[in-house]
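Take a look at the structure below.
Lettering of chains follows the sequences in order, A, B, ..., and the numbering in each one begins at 1. On a predicted model such as this, the values are computed, not experimentally measured, just so you know.
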Amino acid sequence: MPSYNKRTHYAGTLREEGISQQVTLNGWVNGRRDLGGLIFIDVRDYTGIAQVVFSPQVAPELMDLASELRDEFVVSVTGEVRRRERPNDEMPTGQIEIYASDLRILNRSEVPPFEIGDRSKSSEELRLKYRYLELRNPELQELLRLRNQVYQVVHNYYNENGFLEVETPLLIRSTPEGARDYIVPSRVHPGQFYALPQSPQIYKQILMIAGYDRYVQIAKCMRDEDLRADRQPEFTQIDLEMSFVEQEDVLQMTEGLVARLWKEVKGVDIKLPLPRMPYREAMGRFGSDKPDTRFGLELQDVGDLFGETEFGVFSGTLGSGGLISGLNFKGGAGYSRKLIDELTEHVKRYGAKGLVWLKVTAEGLEGGSAKFLNDNEVNGLLQRFEAEEGDMLLIVADEPYTCQKSLGALRLEIARREDLIPESDDMLFVVDFPMFEEIDAETGKPVPAHHPFTSYRAEDETMLDSEPMKVRANAYDLVINGYECAGGSIRIHDQGIQGRIFDLIGLTKEEAREKFGFLLDALQYGAPPHGGIAFGLDRLVMILGGTDNIRDVIAFPKTTRASSLMDNAPSHVDARQLTELGIGILERVKE
RNA sequence: GGGGUGGUAGUUCAGUUGGUUAGAACGCCGGCCUGUCACGCCGGAGGUCGCGAGUUCAAGUCUCGUCCAUCCCGCCA
């Protein structure tokens, strides 16, 4: 026999059908209203809250104990469900209440350091320190339930499609490529270290070589890089890989999951296939490789209008191979000098040297730079932007990437300020990413934009040596509402081609062997054509849950300094532990 | 590594030109209260002004340093 009455019903599920039933609730006190002769408390459990009444008519002997109840006490309450004299239409259980005939206080609670029902009323610092209290909050519980739903859909979907779940190791070899590794010392091999995986990339390729055909895993990944609102040092990927596939096969499998998620989680039908937008177009129209296509403000290249311009900023940019591009901020002419300065600051953060602003008036264009433009140029701009009186044209002239990137950021900033972003979800694939990011200034070798196992478009092969920056990779991203939600590629499975890429990027045979030896070995034993993709699961849950903070969808997140305020990780360790590992701590010298 | 914002009661915040005893709301504690649901009414307790220096007759307020949280740039193959 337990020492208390065990739950017969969940609080949040009680409805009028239960009236006159005898029920027992187990849960927490979520507020009390002690009227003296009559005491109301709300009992909260995993499903919601229900009102309990203590009345001298029903159980006079309980009144003293009931008056001791405080927020977050753990109770077992038994009583009869009755219709309320005064219903509360605001709450799901508002038509009924429980007349208590038995009360057991199972545990008392300190006064909570913040209000559990309303997260907005306390600082994130405090809430993270007392995460176990914040996790009692219904909004946060809802997000974790949503996350669980995503797990279930993922397991089902890939299982139905013939994928095999395989766990890959957490203690792996460190590779110097990519993000900074978290490293783990080996006791058995003093002075040597494991790394925690940034992703299971190489293992999943090896599984393909081993003939497993289709692999999937919900995998933890760790990257020791600085954080953002949508980035945590450890995060979760839905990681998958497929054999004997081309890009289109992976994209179709991927959009299938997205449609299934939106259907099962939100009840929304997603129209397939999703748009496939080339990288070049995404950058040109939206100034981003993860465009938010839910609103306009698209970029326009206007360089061709200024071939003969007197305006030094523009002619200089064109002379050095730069780009002049801009957007029409519809109705933006009302912006004050101060607001324009803020927008200018914004583009400067992304490396732009400045922002040319031109207000559209009845007479033409007005603004600091307008006097440098001749009539032809003014008319050309008005036409290109379909500008009307009251609009403001915002133009950046700079090195192409900087120009597009800063305008892309400006576009988002204006959309946020002007509340132009609809609530709906919008998704697309960005494809045809460039194979290389830049030509290294020192070595003169191209720097791969992805990992060096990414294959290139067959028709671009001839440009590998002559114009490497024009070579397109078989790499793709899934973008939802301006978030990069998944990314992947078709891999190189041919040792000869792999060798050629290593050559091209300036990796000697020895270096390649040192870094990726076991994968290169494996490639020699009959690697099938293969490719895959990995979703950022946390970001998917963020979008599905309508939050812009990744910490809201992770049960125990870290701060932007990568510490856990609840358990105070990271921490110093015992000197003996270090000795055993052969590790000494260097004094940090401040300059 | 760089920039922005914030740190004052348990919590959220206010605090003027540097000047008497640092305030409010909520929460908490005590009393009253039989239909509350942000219960109400009366009373009360509660402060290392993040931390450390400095300027000053005098610092929550000014200066410098530092720590923490958060947003952004760099970074994240």
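- Side-chain contact check for A:Thr402 and A:Ser406: no donor-acceptor pair (N or O, by modelled atom type) lies under 3.5 Å.
- A gap of 15 Å separates the C1' atoms of B:rU55 and B:rG65, to the nearest Å.
- Pair check for B:rC62 finds B:rG54; Watson-Crick or G-U wobble, both atom distances under 3.5 Å.
- For the C1' atom pair drawn from B:rU34 and B:rC41, the interatomic distance equals 16 Å after rounding to whole Å.
- With P as the reference atom, B:rA14 and B:rU56 are 31 Å apart, rounded to whole Å.
- Ionic pairing of A:Glu413 and A:Arg417 is present here: one or more N-O contacts between side-chain nitrogen and carboxylate oxygen are shorter than 4.0 angstrom.
- Across every strand in view, B:rU11 sits in a pair with B:rA25 that passes the Watson-Crick or G-U test at under 3.5 angstrom.
- With a 3.5 Å ceiling on both atom-pair distances, B:rC76 lacks any Watson-Crick or G-U wobble partner.
- Both tests do not hold together for A:Arg32 against A:Phe73: distance to the six-membered ring centre under 6.0 Å, angle to the ring axis within 45°.
- Residues from residues 499-507 of chain A placing a heavy atom under 4.0 Å of any atom in RNA chain B do not occur.
- Look at the C1' atom in both B:rC62 and B:rC57: the space between them is 16 Å, to the nearest Å.
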Yes or no on side-chain hydrogen bond (donor to acceptor under 3.5 Å, both in side chains) for A:Glu80 and A:Ser101, after CA distance, side-chain angles and deciding distance?
CA-CA 8 Å; A:Glu80 185 187 332; A:Ser101 54; over 6 Å; no
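- Evaluation of the salt bridge (charged side-chain N to carboxylate O under 4.0 Å, His left out) rule for A:Arg223 yields no partner, not counting sequence neighbours.
- In this structure, A:Phe114 reaches neither bases nor backbone, as no heavy-atom distance under 4.0 Å exists between it and the strands shown.
- A:Leu126 comes within 4.0 angstrom of the backbone, heavy atoms only, and of no base.
- Nucleic acid contact class of A:Glu97 (heavy atoms, under 4.0 Å, all strands): base.
- The separation of B:rC29 from B:rA45, taken at their C1' atoms, amounts to 7 Å, rounded to a whole angstrom.
- With hydrogens and angles ignored, a donor-acceptor pair under 3.5 angstrom links the side chain of A:Gln57 to the base of B:rU34.
- Both A:Ser120 and A:Arg70 lie close to RNA chain B; mapped to their nearest nucleotides by heavy-atom distance, the more 5′-ward contact belongs to A:Ser120.
- Not counting sequence neighbours, A:Asp477 has no partner by the side-chain hydrogen bond (donor to acceptor under 3.5 Å, both in side chains) test.
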Using a cut-off of under 3.5 Å, enumerate the N/O to N/O pairs linking the protein to nucleotides 38-40 of chain B.
| residue | atom | partner | partner atom | Å |
| --- | --- | --- | --- | --- |
| B:rC39 | N4 | A:Asp34 | O | 2.5 |

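- In this structure, of B:rU36, B:rU34, B:rU11, it is B:rU36 that holds the atom nearest to the side chain of A:Arg84.
- The pairing partner recorded for B:rC49 is none, the criterion being a Watson-Crick or G-U wobble arrangement whose two distances lie under 3.5 angstrom.
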For a quick check, with a 4.0 angstrom heavy-atom cut-off, what is the B/S/- contact string for nucleotides 68-77 of chain B, read 5' to 3'?
SSBSSBBBBB
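- Base-pair partner of B:rG6: B:rC68 (Watson-Crick or G-U wobble, both distances under 3.5 Å).
- Atom CD of residue A:Glu72 and atom CD of residue A:Glu110 lie 12.5 Å apart, to the nearest 0.5 angstrom.
- As judged by a 4.0 angstrom heavy-atom cut-off over every strand, A:Pro112 is placed among residues making no nucleic acid contact.
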Salt bridge (charged side-chain N to carboxylate O under 4.0 Å, His left out) assessment of A:Arg33 paired with A:Asp42
CA-CA 9 Å; A:Arg33 293 168 294 282; A:Asp42 292 331; 3.1 Å; yes
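- Atom C1' of B:rG30 sits at a distance of 29 Å from the matching atom of B:rC49, rounded to the whole Å.
- Residue pairs that meet the side-chain hydrogen bond (donor to acceptor under 3.5 Å, both in side chains) test with at least one member in residues 60-70 of chain A, sequence neighbours left out, are A:Glu68-A:Arg108.
- The gap from the P atom of B:rU8 to that of B:rG3 amounts to 24 Å, rounded to the nearest Å.
- In this structure, A:His346 and A:Tyr350 have tilted ring planes: the angle between them lies in the 30° to 60° band.
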Working for side-chain hydrogen bond (donor to acceptor under 3.5 Å, both in side chains), residues A:Thr344 and A:Asp341
CA-CA 5 Å; A:Thr344 306; A:Asp341 284 346; 4.7 Å; no
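- Classified by interplanar angle (parallel below 30°, tilted 30° to 60°, perpendicular above 60°), the ring pair A:Phe502/A:Phe453 is perpendicular.
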For A:Phe40 and A:Phe54, run ring pair (Phe, Tyr, Trp, His ring centres under 6.0 Å): C-alpha distance rounded to whole Å, both residues' side-chain angles, the deciding distance at 0.1 Å, then the answer.
CA-CA 6 Å; A:Phe40 297 92; A:Phe54 294 93; 9.6 Å; no
